Amino acid sequence: MLRLTQRRLFSSARILAESKKHDVVVIGGGPGGYVAAIKFAQLGYDTACIEKRGKLGGTCLNVGCIPSKALLNNSHLFHQIEHESQKRGIDIAGDVKINLGNFMKAKDTAVNQLTGGIEMLFKKNGVKYYKGAASFIDEKNLKFTPLEGVEESVDSVTADHIIIATGSEPTPFPGITIDEERIVSSTGAIALKEVPKKMVVIGGGIIGLEMGSVWSRLGTEVTVLEFQNSIGAGMDAEVSKATQKFLTKQGLKFQLGAKVTKGVREGDIVKIEYEDTKKGTTESLEADVLLVAVGRRPYLEGLNAEVIGLDVDKRGRVVIDSEFKTNHPHIRCIGDVTFGAMLAHKAEEEGIAVAEYIKKGHGHVNYANIPAVMYSHPEVAWVGQTEEQLKEAGIKYKVGKFPFIANSRAKTNMDTEGFVKFLADAETQRVLGCHIIGPNAGEMIAEAGLALEYGASTEDIARTCHAHPTLAEAFKEAALSTFDKPINF
């Protein structure tokens with residue numbers, strides 16, 4: 001009996017020795033999670049972040065936004081050298097070739113530098129970084145399982161506040177098995193070992209169109225199958241049509257109203273079948289690579305959320321209130337794993353806001369002012385409302401447009417595709433939405449976001465001096481066009 005009691009005491013001491021208490025524990029080190037962890041630490045909290053990938057930055061930095069932008073930028077540069085050098089007065093001796101190994105290495109270098117940079121930010125701000133997985137033991141305690149090869153004395157963590165920021169994963173397609181070789185998700189699409197001759201993309205959203213653009217520039221014949229009757233979910237209808245037009249001109253093929261029914265790998269070929277919903281016929285395609293890009297879904301795998309009865313809706317999203325609280329008030333949730341647009345910058349804003357709610361009792365995220373960007377070339381960017389949304393809401397509005405072909409900087413850059421489009425209140429001229437197709441659209445949309453945030457009118461923008469010659473002058477002239485005549489068109 002004495003020995004049993006001693007053994008129990010020893011066991012209890014061991015558990016206590018391997019448990020660690022923090023003020024705040026953030027589960028997930030993606031854009032929402034790592035930003036939240038840094039902000040909590042800056043506000044004076046003893047903060048820890050648990051990330052099971054082994055690299056910080058989440059999907060965005062490791063296999064999403066950042067690597068895809070590296071491939072988009074470098075494939076565009078290759079395409080320019082190959083197709084535009086001569087008209088720009090640059091003679092290239094010999095054939096221009098893609099070195100796919102080095103092409104991928106450049107992407108990986110950028111990713112590694114940035115993930116390492118976040119670790120440095122954690123050290124600078126005093127955030128404890130646990131490399132491994134977290135799962136709920138109960139409402140206050142988390143089991144910690146370190147990654148293989150990682151030495152960590154802690155096997156459980158407790159905190160006054162727990163933030164769930166576990167992100168999202170690619171949505172699977174019923175009946176299609178992803179092997180990340182021939183049938184790939186976005187993760188496999190950024191790591192192909194050879195340039196495919198033919199690629200079929202299921203899904204005409206931003207991910208599918210960006211990845212299709214990368215491989216099309218490198219010589220792949222790309223066909224996009226989209227179930228809806230337009231591409232670019234969330235785009236203003238006019239912008240969607242113009243986007244499809246310029247992508248078609250670049251070589252992408254589109255089949256709208258396509259209901260995919262089969263995608264099977266047979267050796268090194270993938271056979272795809274789809275129903276043409278307009279014609280009522282069944283069609284078939286063959287490709288070297290099939291990219292499944294039908295969206296993303298919340299990720300809660302391994303969290304053991306059911307043990308605490310975490311409230312989740314029918315779409316698998318964690319249910320929260322206006323202060324990011326779950327059904328357990330000390331457990332809050334941000335980013336892709338809950339409601340709203342699955343965008344890194346939305347998660348980052350929530351990461352700041354959740355820390356401020358806990359520290360100060362108030363925070364701020366304007367969900368009506370979250371920009372979206374497709375990093376094709378030209379880029380497509382928008383913020384605020386579309387024409388379709390304004391019509392549905394019965395809001396009277398004016399449209400102002402200005403084409404880049406009339407912009408002096410775009411003209412000298414030989415990069416004139418696209419336009420800036422403003423939607424303004426018919427009476428007050430207050431900016432309601434802005435939609436841009438054009439070079440540098442992703443940077444330019446920030447000015448529209450600032451206007452929206454402060455309730456600016458298009459006249460405010462038009463009367464603000466913009467440097468000449470810049471692409472942003474098209475932004476000014478589009479604003480002017482909502483209430484007057486443009487000067488240069």
Side-chain angles (χ1 to χ4, degrees), residues 230 232-243 322 339-341 343 345-346 349-350 352-353 362-374 378-407 409-410 418-468 470-489:
S230 60
M235 286 183 186
D236 179 271
E238 181 183 15
V239 171
S240 173
K241 290 177 183 177
T243 299
S322 60
F339 81 99
L343 295 169
H345 43 280
K346 174 258 192 186
E349 293 299 305
E350 292 176 335
I352 299 293
H362 56 83
H364 170 76
V365 179
N366 183 353
Y367 290 102
N369 190 10
I370 305 291
V373 185
M374 184 174 85
E379 292 177 350
V380 184
W382 65 96
V383 69
Q385 294 175 284
T386 65
E387 281 202 68
E388 293 68 43
Q389 290 170 333
L390 293 174
K391 287 175 182 175
E392 187 177 344
I395 298 172
K396 294 181 180 180
Y397 65 94
K398 291 181 179 180
V399 178
K401 283 174 62 179
F402 190 84
F404 279 103
I405 198 167
N407 174 266
R409 183 67 186 274
F419 54 82
V420 179
K421 174 181 178 178
F422 267 104
L423 304 175
D425 185 275
E427 294 183 10
T428 66
Q429 297 170 16
R430 183 171 61 86
V431 176
L432 301 175
C434 182
H435 307 266
I436 308 173
I437 298 176
N440 221 35
E443 304 293 337
M444 201 180 301
I445 202 67
E447 187 175 352
L450 192 64
L452 272 169
E453 195 66 33
Y454 288 97
S457 70
T458 47
E459 184 173 355
D460 291 328
I461 295 168
R463 292 189 180 279
T464 300
C465 184
H466 287 62
H468 174 79
T470 60
L471 298 170
E473 288 178 289
F475 188 86
K476 174 181 178 175
E477 296 242 31
L480 177 64
S481 298
T482 63
F483 65 91
D484 202 345
K485 293 180 180 180
I487 300 299
N488 290 290
F489 185 67

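Only a predicted model underlies this, so the values are computations on that prediction, with no experimental measurement involved. We count residues from 1, following the sequence as given. Heavy-atom basis, side chains included; hydrogens, waters and symmetry copies ignored.
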State, to 0.1 Å, how close [X] and [Y] come at their nearest heavy-atom pair, and which atoms those are.
X	Y	answer
Val365	Ala353	CG2-CB, 3.7 Å
Trp382	Ala233	CZ2-O, 4.3 Å
Gly449	Asn369	O-ND2, 2.8 Å
Ile437	Ala242	CD1-CB, 3.5 Å
Phe404	Gly438	CE1-CA, 3.7 Å
Ser481	Lys401	OG-O, 3.5 Å

Sequence neighbours left out, what passes side-chain contact (heavy atoms from CB on, under 4.5 Å) with [X]? Give chain and number order.
X	value
Ala472	His466, Thr470
Ser230	Ser240
Ala448	Val383, Cys434, Ile445, Phe475

What distance separates [X] [atom1] from [Y] [atom2], expressed to the nearest 0.5 Å?
X	Y	atom1	atom2	value
Arg409	His468	CZ	NE2	10.5 Å
Lys421	Thr386	NZ	OG1	8.5 Å
Asp236	Ile436	CG	CD1	12.5 Å
Glu387	Glu238	CD	CD	6.5 Å
Phe422	Lys476	CZ	NZ	12.5 Å

**Item:** Flag for Glu350-Tyr367: side-chain donor and acceptor within less than 3.5 Å
**Value:** yes
**Prompt:** Is it true that Phe489 and Phe419 have ring centroids separated by less than 6.0 Å?
**Reply:** no
**Message:** Can a donor-acceptor pair be found, under 3.5 Å and without considering hydrogens, that links the side chain of Glu477 to the backbone of Ile487?
**Reply:** yes
**Message:** I need the full list of side-chain hydrogen bond (donor to acceptor under 3.5 Å, both in side chains) pairs touching residues 455-465, with sequence neighbours left out, sorted by first then second residue.
**Reply:** Ser457-Asp460, Thr458-Thr482, Glu459-Arg463
**Item:** Within residues 434-445 or reaching into it, pairs that qualify as side-chain hydrogen bond (donor to acceptor under 3.5 Å, both in side chains) - sequence neighbours excluded
**Value:** none
In residues 423-433, what donor-acceptor pairs under 3.5 Å come from side-chain atoms, sequence neighbours left out?
residue, atom, partner, partner atom, Å
Asp425, OD1, Glu427, N, 2.9
Asp425, OD1, Thr428, N, 2.9
Asp425, OD1, Thr428, OG1, 3.3
Thr428, OG1, Arg430, N, 3.2

**Message:** For a 4.5 angstrom cut-off between non-hydrogen side-chain atoms, does Glu473 reach Asn488?
**Reply:** no
**Message:** Between Lys391 and Tyr397, is there a side-chain heavy-atom distance shorter than 4.5 Å?
**Reply:** yes
**Message:** Atom CD1 of residue position Ile370 - does it have more than 12 heavy atoms of other residues, nucleotides or ligands inside 6.0 Å?
**Reply:** yes
